[in-house]
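Worksheet: one structure, shown below.
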Amino acid sequence: MPKKTSTYCNIYAVVSGIPRGSIATYGQIARLAGVPGHARLVGYALNALRGRTSIPWHRVVNAKGRISPRSGASSADILQRHRLEQEGVKFDESGRIPLDNFRW
DNA sequence: CCACTGACGAGTG
DNA sequence: GCACTCGCCAGTG
């Protein structure tokens with residue numbers, strides 16, 4: 001069953017499948033999408049969305065359980081954290097998320 | 001078509 | 001635990 005789908009499409013599908021209150025890392029998404037090692041593509045794919053889609057991009061964080069400090073507007077970082085807290089996700093004093101507890 | 005940039009991960013010192 | 005390096009792909013000008 002040759003899944004010729006663009007990696008990109010798979011990534012969106014996986015991220016969209018993240019249940020509310022759960023968190024996934026870029027590496028995890030890439031792995032589930034069938035492209036282990038290409039965590040960068042995941043981040044890039046989400047960035048390309050720019051919030052124009054219904055993809056819960058805020059449920060995706062880096063391997064350290066932290067919100068990636070992206071360039072441009074840091075407001076999105078704050079927005080992401082705020083949204084996660086609303087879903088029941090807790091942050092550490094260092095702004096980190098206990099992945100052991102929330103990992104998808 | 002070419003070059004630069006960009007939401008990361010894992011390994012090494 | 002932190003800092004630096006390499007690899008990887010897609011989008012924009």
Side-chain angles (χ1 to χ4, degrees):
Chain A
M1 164 287 211
K3 35 96 239 157
K4 241 18 219 115
T5 340
S6 294
T7 25
Y8 193 100
C9 212
N10 259 328
I11 292 167
Y12 295 146
V14 176
V15 177
S16 297
I18 301 176
R20 180 179 168 277
S22 292
I23 296 301
T25 65
Y26 292 98
Q28 178 103 40
I29 304 283
R31 204 171 147 89
L32 293 170
V35 286
H38 292 190
R40 257 192 174 196
L41 293 196
V42 179
Y44 196 73
L46 295 179
N47 187 28
L49 299 175
R50 276 179 144 194
R52 293 181 183 220
T53 51
S54 328
I55 308 290
W57 59 270
H58 57 267
R59 287 184 196 143
V60 187
V61 293
N62 60 24
K64 292 157 197 138
R66 267 202 269 209
I67 300 174
S68 301
R70 57 216 212 311
S71 38
S74 9
S75 338
D77 296 26
I78 302 167
L79 176 65
Q80 179 168 12
R81 174 168 173 161
H82 189 67
R83 267 185 140 170
L84 290 173
E85 287 185 309
Q86 280 185 83
E87 296 193 350
V89 179
K90 305 194 174 171
F91 284 75
D92 188 293
E93 298 283 314
S94 315
R96 285 197 254 185
I97 304 171
L99 292 174
D100 298 310
N101 223 15
F102 290 101
R103 205 176 212 181
W104 184 25

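All values below were derived from every heavy atom in this structure, side-chain atoms included, with hydrogens, water molecules and symmetry-related copies excluded. Since this is a predicted model, take the numbers as computed values, not measurements.
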[X] [atom1] - [N] [atom2] separation (whole Å):
X       : N     : atom1 : atom2 : value
A:Asn62 : C:dC2 : CG    : C1'   : 15 Å
A:Arg70 : B:dG6 : CZ    : P     : 12 Å
A:Leu32 : B:dC8 : CG    : P     : 18 Å
A:Leu99 : B:dG9 : CG    : P     : 10 Å
A:Ile11 : B:dA7 : CD1   : C1'   : 12 Å
A:Arg83 : B:dA7 : CZ    : C1'   : 15 Å

Do the side chains of A:Gln28 and A:Val42 get nearer than 4.5 Å, heavy atoms only?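 Result no, sub-4.5 Å side-chain heavy-atom pair not found.
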Can you find a pair of side-chain heavy atoms, one from A:Trp104 and one from A:Leu32, that are under 4.5 Å apart?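 In short, these two side chains touch, coming nearer than 4.5 Å.
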Do A:Phe102 and A:Val61 sit in the same hydrophobic cluster, where Ile, Leu, Val, Met, Phe, Trp and Tyr count as joined when their side-chain heavy atoms come under 4.5 Å apart?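 Yes, because A:Phe102 and A:Val61 connect within a single hydrophobic cluster, where side-chain heavy atoms sit under 4.5 Å apart.
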Quick one: which residue pairs count as a salt bridge (Lys or Arg N to Asp or Glu O under 4.0 Å) with a foot in residues 82-99 of chain A, not counting sequence neighbours?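 Output for this query lists A:Arg59-A:Glu87, A:Arg81-A:Glu85.
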Would you name the heavy atoms of A:Ala45 and A:Tyr12 that are closest together and state the gap between them?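 Reported closest heavy-atom pair: O-OH, 3.1 Å.
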Which atom of A:Thr25 lies closest to which atom of A:Asn62, heavy atoms considered: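 The pair with the smallest heavy-atom distance is CG2-O, 3.7 Å.
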Looking for any heavy atom pair under 4.0 Å, which part of the strands does A:Asn47 touch: base, sugar-phosphate only, or nothing?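 Answer is base: heavy atoms of A:Asn47 come under 4.0 Å of a base.
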Could you write out each protein N or O paired with an N or O of nucleotides 8-13 of chain C at a distance under 3.5 Å?
{"from": "C:dC8", "atom 1": "O3'", "to": "A:His38", "atom 2": "NE2", "distance (Å)": "3.4"}
{"from": "C:dG11", "atom 1": "O4'", "to": "A:Tyr44", "atom 2": "OH", "distance (Å)": "2.5"}

